[in-house]
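Every value quoted in this text rests on a predicted model; they were computed, and no experiment measured them. So that the names make sense, note that chain A is the first sequence line, chain B the second, and so on, each numbered from 1. The basis for the numbers below is simple: all heavy atoms, side chains too, and nothing from hydrogens, waters or symmetry mates.
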Amino acid sequence: MATTEPRVALDFRFEVEVDDPDLKHHLDTLFASLPAAHPEVGLHRYTIHRVPAAGEAWDVLSGGTHIDRYPTVAGAVGYVLWDLNTQAIRSARHDVVVHAGAVSRDGRGLLMPAPADSGKSTLVTTLVRSGWAYLTDEAAAIDPMTGIVRPYPKAIHLDHGTWRLFPDLSPPAEHRARRFVRGRWCVAPAQLDADISAPVPLALVVFPRYRSGVGLRMEQLSPAHGFTSLVANCFRSARHGRTGLQQLADRLAPARFWTLDFDAAESACRAIAELFHDLAPITRKDHLS
Amino acid sequence: MTARPGTPELIDRDAPIPQRHPAIAGIDVDGERVLLDERNGRCHVLNPSANLIWSCLGTVGTVADLIDDLAGACGAPVETVSADVRRALADFAENRLLDDGRTRPPRRPRSHGSDGPRYREEPPTACMQIVDELGWGGAVSIDLPTGLRLGIRSESSATEEAVRAIFAPVVVDDPDRFEPNLSVRLEAGSGSGVQQLHTVYNSCSLAVRTRHHGRALRSLALQAWSFVEAEDPEGPVLQTTALERDGQIVLAPRRARAEIAMLEPRLRRAGIAVVDAPMLRLEQTDGVRVVVPATPFAPDDDFDAVADLGVERPQPSPGRYEVIGRLLVATEHHSDRVALVAGGVADLANRHHLGSGRALEAASALAGVPTSFSPTWLPRVIVESALELFD
């Protein structure tokens with residue numbers, strides 16, 4: 001058995017024990033952008049191991065508890081990545097965690113909250129490839145006391161419908177990691193040559209929605225409507241209560257809110273870049289003073 | 001939330017003005033009111049007229065009184081206001097924002113009969129948790145004249161003794177309960193020559209941060225007394241952050257106190273004191289005035305001597321002060337009168353003890369005060385906006 005490098009996903013510290021060196025290499029590659037965790041401090045351990053004498057079957061354990069037996073290693077890996085993401089979101093107790101993609105440029109953050117299948121990961125991938133720094137493609141953790149969003153640079157998940165946009169990100173057919181992936185590509189940030197963003201204040205919030213044939217439609221929202229839409233995309237928003245959400249509203253006061261309906265990622269990202277460029281600069285000193 | 005088409009006739013004009021559901025909280029976003037349903041985390045945006053109507057819910061009177069008072073305050077025909085009120089109330093009811101009388105009972109009901117003490121619950125919010133984690137030692141319960149019982153916690157036994165001394169006449173033995181409403185830290189000297197800052201928290205909001213022991217204790221006394229002021233059934237009482245110079249007052253949002261406290265030295269250099277009293281009675285005779293209260297709780301600490309040395313601004317003495325300006329944190333497109341009046345009603349701490357007419361009258365007077373807008377909560381911008389009002 002071998003164990004991946006200990007990592008921290010938001011505030012969740014973990015490692016994965018596997019009995020396949022190729023799988024360890026694959027997971028270490030996916031997790032490489034997450035901060036390293038101290039190996040001796042409270043790590044949660046996942047285990048993926050092949051079941052002897054059971055044909056092609058893989059057991060998954062989480063914290064020593066048997067979770068399930070999967071007929072493929074891809075299924076076992078898929079569960080671990082899903083649970084890891086869930087635990088990471090739960091771990092950020094003091095943050096408001098928004099279901100959103102996020103990137104940054106010049107020390108200012110762009111948040112794209114949206115439900116699944118709205119195009120978050122597609123936009124994040126496109127923006128990162130054009131030079132934006134990567135924060136997350138799934139869960140943006142915002143400190144309500146400061147309005148600062150911190151990075152959760154997990155591997156970007158690209159669903160089948162987006163593969164044609166990024167053919168170069170396809171795992172090669174002969175690649176040994178191919179058997180660990182099913183149904184979606186997991187793209188390590190390093191594969192995009194992505195810079196990982198430092199924690200940044202939010203300057204722009206765009207609510208993307210992919211709609212075939214719509215072209216490009218944008219509409220600015222009032223701060224109240226924008227904030228309401230943001231909260232609608234929060235994980236467990238009720239947990240923060242009035243005080244936490246009021247603090248968040250106050251800290252997001254400099255941010256601008258837009259809706260974005262699009263059918264082409266390139267033109268959507270150009271429009272976002274123009275919006276971002278037109279914003280008044282917010283210095284970090286201003287934000288925290 | 002916008003009113004639905006049609007005018008429901010389900011609202012009885014003679015019915016009492018509905019109460020808000022206790023799980024609904026107002027959040028200010030750039031001068032607009034968003035309602036947060038704490039049961040499920042959902043938010044609702046109110047349009048300006050719905051916001052004004054919402055701000056009046058819970059005041060004393062009937063729906064008919066509310067309609068008449070709103071028509072008077074807005075200068076609008078009664079028929080128009082009546083339709084707006086009926087639509088808004090129907091919308092609130094449909095979204096389960098009103099107290100239908102079936103809400104859960106308070107977690108800690110009156111424990112000693114109908115005249116026994118009441119307690120103020122502090123919700124376990126993330127920000128309260130942060131203050132909780134600062135580390136606290138002793139605790140004191142006090143019984144206010146209104147029957148409200150408060151918990152005051154402190155970081156050390158020495159501070160607890162100081163708290164007991166201030167509140168000696170109203171300290172009660174209350175071993176079965178401790179829920180902190182106020183928290184005070186009086187820092188001992190570090191021995192390094194660096195003067196520590198004493199802090200007082202009301203719930204998880206910073207009430208004062210000062211280098212002066214006596215001011216921290218006075219502020220604590222004023223915070224406690226503000227709970228009495230908030231239940232005054234007579235005149236409107238404003239929850240606010242007030243700045244004073246030469247007997248004149250500028251009012252800022254209550255929530256801006258922490259931001260203003262950060263730049264208090266700059267205000268002090270401009271001759272401005274941050275008033276420690278968090279609630280001020282509002283008077284509308286002879287212009288708009290506020291009354292800085294006196295409390296029966298007096299710390300035995302000569303803060304005035306420190307103020308006289310010029311290292312601290314003296315606090316304004318109890319009495320009446322002219323209001324020369326009002327600072328709001330919002331962009332100026334929220335400067336329309338309806339929004340200003342709605343905000344004014346929302347700022348009244350004792351709204352539930354007043355009729356809608358008196359609440360709207362007070363808020364209308366406030367709306368007539370020269371107003372400056374700070375577009376952000378950045379302390380620097382807030383303070384600069386306040387200074388403009390004085391100048």
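- Interface remark: A/Ala249 contributes side-chain atoms only to the contact with chain B (heavy atom separation under 4.5 Å).
- Applying the side-chain hydrogen bond (donor to acceptor under 3.5 Å, both in side chains) test to A/Gln247 and every residue at least two apart in sequence or in another chain returns nothing.
- In this structure, B/Arg96 places its CZ atom where only 12 or fewer heavy-atom neighbours from other residues, nucleotides or ligands lie under 6.0 Å away.
- Considering every non-hydrogen atom in both A/Arg242 and B/Ile24, the closest pair reads NH2-O, 4.5 Å.
- Surrounding CZ of A/Arg236 are more than 12 heavy atoms belonging to other residues, nucleotides or ligands, all under 6.0 Å away.
- Using non-hydrogen atoms only and a strict 4.5 Å limit, no part of residues 78-85 of chain A faces chain B.
- Neither the backbone nor the side chain of B/Arg33 comes within less than 4.5 Å of any heavy atom in chain A.
- Taking both residues in full, the closest heavy atoms of B/Gly41 and A/Ala238 are given as N-CB, 3.6 Å, listed atom of the first, atom of the second, then distance.
- Nearest heavy atom pair, residue B/Pro375 against residue A/Ala253, reads O-CB, 4.4 Å.
- A pairwise comparison of heavy atoms in B/Asn40 and A/Ser237 identifies O-OG, 4.3 Å as the closest pair.
- Annotation: A/Arg217, atom CZ; neighbour count of heavy atoms from other residues, nucleotides and ligands within 6.0 Å does not exceed 12.
- For A/Asp117, the CG atom is loosely surrounded, since the number of other residues' heavy atoms within 6.0 Å does not exceed 12.
- The salt bridge (Lys or Arg N to Asp or Glu O under 4.0 Å) check on A/Asp263 picks up nothing, with sequence neighbours excluded.
- Without hydrogens or angle criteria, B/Glu32 side chain to A/Pro223 main chain gives no donor-acceptor distance under 3.5 Å.
- For B/Arg42, the CZ atom sits in a loose shell: 12 or fewer heavy atoms of surrounding residues, nucleotides or ligands are nearer than 6.0 Å.
- Residue-level contacts of residues 132-139 of chain A with chain B do not occur; threshold 4.5 Å between heavy atoms.
- For B/Asp37, no part sits under 4.5 Å from any heavy atom of chain A, backbone or side chain.
- The shortest side-chain heavy-atom distance between A/Gln246 and B/Asp28 falls under the 4.5 Å cut-off.
- To the nearest 0.5 Å, the span separating CG on B/Leu36 from OG1 on A/Thr243 amounts to 10.0 Å.
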